[in-house]
Amino acid sequence: MNWYKFSSPKTFYPVAGSLAPYFLGVAGALLILGLYIAFFLAPTDFQQGEAYRIIFVHVPAAWMSMFVYLIMAGWSVVGLSLNSKLSYMMAQALAPTGAIFTFLALVTGSLWGKPMWGAWWVWDARLTSELILLFLYVGYMALHSALDDVRRADRATAVFALVSAVNVPIIYFSVKWWNTLHQGASVSLTQAPAMAKIMLMGMLIMSISFWMYTIGVALLRLQCIIAEREREIIWMNEAQRSE
Amino acid sequence: MHWGSLDNFLAMGGYGFYVWISFGLTLACLLFELYGLQKRHVNSQGDI
């Protein structure tokens, strides 16, 4: 099987269209399961009462906000090194979804912070760097639409994504490096999770659901981007031929 | 199931306002994104 075939927007277009519904379907099913665990199986937290249930959307959204930026940076590297149009499009297709998750992480965090900390917002390192991430997403999208030449916009935003990805580890490690009001990681790769199993299970299922949603939505947006861009090419070709 | 009644469930131990806005806003954002994409998709169809 020739995998390079799929790096062409024209051949990937129908593939994206046929894959997207499956990802979105799985996302929906896992979301229902995750919400069931979040509201009916997970016990009340002995310190935070029922307000802690916000973490079932807050943590997965925050994780996605960081993951998506790293993946955009990854596609940018592929695009810059192989000069493949589809890689740039992949990065571009992910940006709005990443921005939405960043927004949700900030707002749900705020909604948790008010009853727990007594403040909607504090300028601690975690919150501030996450807010910067939102600005980076917006900046990425604004930069792409500001440049008329799409190929140039692709390369410029790829470099931008690559350089600004340095903010992601800063967000992740902010709770270690600085004295933050935001609590440290409850789930990490190196230590046993500091929470009940069923809570962890709910959070992981919600995270996988958000993952599937992100892939499905990115594929749909990729189709839109391909259709909109190739239309211009066809239009250009026809215009040039008629001269 | 430890809620007992629908009122208890909606009250969320007094944190209902924060909990329901969090979950509601998340769902609303995701559905809104899907809706917007669907519209953009329809507009971009037929041109390729």
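Convention: sequence-line order gives letters A, B, ...; per-chain numbering from 1.
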With a 4.5 Å cut-off on side-chain heavy atoms, are [Y] and [X] touching?
X: B:T26; Y: A:F56; answer: no
X: B:L37; Y: A:V217; answer: yes
X: A:F101; Y: B:L30; answer: yes

Contact part of A:A42 toward chain B, heavy-atom cut-off under 4.5 Å: side chain, backbone, both or neither? backbone
With only heavy atoms counted, which part of A:Y52 is less than 4.5 Å from chain B, the side chain, the backbone, both or neither? neither
Could you have a look at A:L31, A:V107, A:T97 and say which one has the most heavy-atom pairs with chain B under 4.5 angstrom? A:T97
Hey, which of A:I54, A:T108, A:L24 has the most heavy atom pairs under 4.5 Å with chain B? A:I54
Rounded distance (nearest 0.5 Å) linking atom [atom1] of [X] with atom [atom2] of [Y]:
X: B:W3; Y: A:E50; atom1: CH2; atom2: CD; answer: 3.5 Å
X: B:F23; Y: A:L35; atom1: CZ; atom2: CG; answer: 6.5 Å
X: B:C29; Y: A:L104; atom1: SG; atom2: CG; answer: 4.5 Å

Exceeds 12 heavy-atom contacts within 6.0 angstrom, atom CG of A:D149: yes
Heavy atoms of other groups near A:M141 CE, more than 12 under 6.0 Å: yes
Can you see whether A:Q223 engages B:S44 through a side-chain donor-acceptor pair at a distance of less than 3.5 angstrom? no
Below 4.5 Å from any heavy atom of chain A, which atoms of [X] appear? Answer side chain, backbone, both or neither.
X: B:Y15; result: side chain
X: B:F9; result: side chain
X: B:L27; result: side chain

Given the options B:S22, B:G13, B:G36, which has more heavy-atom pairs under 4.5 Å with chain A than any of the others? B:S22
Specify which of B:Q38, B:R40, B:H41 makes the most heavy-atom pairs with chain A at under 4.5 Å. B:R40
